[in-house]
Each structure stands twice: as structure tokens, then as C-alpha cells.
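Lettering follows sequence order; numbering is per chain, from 1. Both backbone and side-chain heavy atoms feed into the values below; hydrogens, waters and symmetry mates do not.
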Protein chains: 2
Amino acid sequence: MRTAVLFSGGKDSSLSALMLSKYFEVELLTFTFGLSENWRSAERSAKRLGLPHKKIDFGSGVIEEATDMMIKDAFPRNGLNLVHKKALEIVANRRFVSTSAKAYKIISDGTRRDDISPHLTLAEVRSLEDRYGVCYVRPLLGFGRKLIDELAGRFFIVLEGENLPKRADYEGEIRCYMRENYDEETVEKIFPSRHVHSRVLGLKGGKYV
Amino acid sequence: MRTAVLFSGGKDSSLSALMLSKYFEVELLTFTFGLSENWRSAERSAKRLGLPHKKIDFGSGVIEEATDMMIKDAFPRNGLNLVHKKALEIVANRRFVSTSAKAYKIISDGTRRDDISPHLTLAEVRSLEDRYGVCYVRPLLGFGRKLIDELAGRFFIVLEGENLPKRADYEGEIRCYMRENYDEETVEKIFPSRHVHSRVLGLKGGKYV
């Protein structure tokens, strides 16, 4: 079954993809707002995982709407949820592919149990599945941080740190957009820099299960 | 890492166990209130999955407390949650093992995304992990019914039906207890018989990933 995994190159989406690749035909998709070439770092991670990868453009309006929401709220949760839901809908709706391409039966991501955002409610999940006729699966939803770190450490060579450069997650480009359209103070208020991010650099030993 | 999976012999706990067995050292545990030998059907399923199995007794008081709750509520959800939490606590606390046995690092079950009960809240999950120093993982929490049916159908020979005899889940013995202490009408009110259950009879082709 053709399966799309929303992929940032971090350890969560990498682990989710590896787990699913044991059961389904996985393709990794990295979204960009078109403000940077950061998606290329996810492309490199995908290559090292040995899984096919595509870049997808959000199209116009999404980053503006999400940023407005974050600034109004003074926290990023709802804005990040909006961006993630748009990404899932674009993939589910195949708006980025030619009509001849086979549709994805399954869409997925690296959402963990302890993630505050992005995180769809059960009602939002069912609505997504019903509207587009897909299965939305989150293999890490029942896993806490400790076990995810254990498994990621077993399978991946991981780089971790605060504000890793060239990150291919949504936050990287949103920070860049905020910096240009608002100021550094706004960026720091919305996205405190103590948050730790990760990038998967490769597979340990070449064998992961 | 030594991992206990609460196991009824149904397709959910079987799939959960098989997924985890790719990463951890899995043991299947079936609880009984001591009212029947139904746990033996789970023992048979475990044998066919090729995974080690133990029967564990709830001890006294649990079925009485749960049944009282179900009758007071006129629905089974809170009572089933109480029973499941007790089972998880017994396993996490190793009350059934000799002090020389190694503790379980991970405890798990077959809870799915669409399950109404048993289902622990995030706060209950964290409380369980903090109190006992274990990881509680639910590999199917991010999976909907359709994908679970797809995977179970791929790997298992499954028997499905309403009110399967000798079921080793909590409901089987609670129905039996209610029938003896109340009446058939009460049983039917609390557990409508249209609910479909499953039992794993074996692995398809002997190879599951």
C-alpha cells in the first residue's frame, strides 16, 4: 500500500518511516514554503535511510495565515496545527501530483504521544480520513519520549541540538519569515530557542531491525 | 528490553505483540479473575504466535468493584478501565513474580485509536510510568480499525464473531460473574451482544514481516 510520510529528517519522522516501511511502500515528503533550500537536509536524511523522497510546495497564503495566528495567540501551537493539517490535506488530495500518479492509500507522520503540536484531535483525524478516503496513521502516537530515544539511538546516527541550522521542519522557515516581516524579539517570544531538534545523519550498521 | 504485553488472544493484542517483538523481548500476560479456564484460549494463541505466555490472577475484590461500577453507570467503560488499570499496575509492580525475576522495563497492550475502553488518559499514562518507573507503550494507538484489519489479515488466521465462547478478555469473565450474581438481562444491558470479538488461531505462512 502506497504510503506518504511527512518527513523533516528528524528522528521522529525517520523512526515512523522506518517502522512503516516494514509493512508498506513508503515515500517521504518534505514540505516547503519556498523561503529556503532547507528541505534539502531532509532529502539527504531520506537518502541515507534508503527511502524515496519528494519536496512539496505549500503554495501561497499558508505561512501568512499561520504566522498571523501565532502572533495573535502569542504561542505557536494553533499555527503549527494549521500548517500540519494543510500539509496532510494537500497530500491526501494529491494536489501536487499529476493525475496519472497512483494515490496514497495511507498518510502518516512522526507525531509522538507527548507532542503538543502538531497534533490532530480524534475528530480531526476521522474528518481527514472521511473527506479524502485515506488512512491517517501515527505509528509513534503510543510511544513516550524515552522509548523513542531508545529506538532512534539503536537505529540512527542522530545530530541533536538547539536551533540546528537548515532544519526542514515547519519552524525553520516560519522563523525566517517572522524575522523578515516582524523582528527577532517576536521570533524568540513565539519559538524559545531552548527547544531541542534532531537530524538523522544515517543508519547505524546499515541494518535497522 | 523485557516487555510485558497484556494479551487476550484477540487480533489487537496479537498485532501489538508481533510489532513489539521486532524490537523488544516480549512476554504475553493474560489476566484471569479465577472464574474460568478461558485464559487457556489466549495461551493457545500465544503458542501459535511463538511467544512466551503467563497467566496472572487479579486477586480478590477487583471483579466486584468493577461490576458494581458498571451496574451503577449502566455502561461498562469505567469498570473496564478500572480493571485494565489494575492489570497494568500489577504488572508494573511485579506483584505476581518472585523477587529474583527481572522486572519488565516496558508494559504494553493492544489499545487502538478508536477504542472507547479500556483507554488511559495521557495523565493516567504518565502517572503509571512515574509511579512504577516503567515505559507504557501502545503500538496501535495511532492506527485506525481499517489498517489494523489489513495488517491482522495479512499476518494472522483470525476467528471473528459475536460472543465468541471462552474468550480470554476481561468481558468474558465479567459476563459470567454478572450472570451468576445478577441476571441475564443485566448482562445484556451492560454488554450488548452485537459487539464483534476476535481470536488469533495462527500465523499465516509462518512469516509475518
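Contacts of A:Glu150 classified as side chain to side chain donor-acceptor pair (under 3.5 Å), with partners at least two apart in sequence or in another chain: A:Arg154. Residues meeting the side chain to side chain donor-acceptor pair (under 3.5 Å) test with A:Arg112, sequence neighbours left out: A:Asp12, A:Asp115.
The contact between A:Leu151 and chain B is made entirely by side chain atoms (from C-beta outward), counting heavy-atom distances below 4.5 Å. Using a 4.5 Å cut-off between heavy atoms, B:Arg113 touches chain A through backbone and side chain atoms alike.
Of residues 64-83 of chain B, not one residue has a non-hydrogen atom less than 4.5 Å from any non-hydrogen atom of chain A.
For A:Arg145, the CZ atom counts as loosely surrounded, since its 6.0 Å shell holds 12 or fewer non-hydrogen atoms of other residues, nucleotides or ligands.
The salt bridge (Lys or Arg N to Asp or Glu O under 4.0 Å) pairs that include a residue from residues 40-50 of chain A are A:Glu37-A:Arg40, A:Arg40-A:Glu43, where partners are two or more places apart or lie in different chains.
Here the straight-line distance linking atom CG of A:Leu147 with atom CG of B:Leu20 works out to 8.5 Å at 0.5 Å rounding. The line from CD1 of B:Ile106 to CZ of A:Phe143 is 8.0 Å long, rounded to the nearest 0.5 Å.
A:Leu122 approaches B:Asp114 most closely through the heavy-atom pair CD1-OD1, 4.1 Å.
With chain A as the partner, the residue from B:Glu129, B:Lys105, B:Lys146 showing the most heavy-atom pairs under 4.5 Å is B:Glu129.
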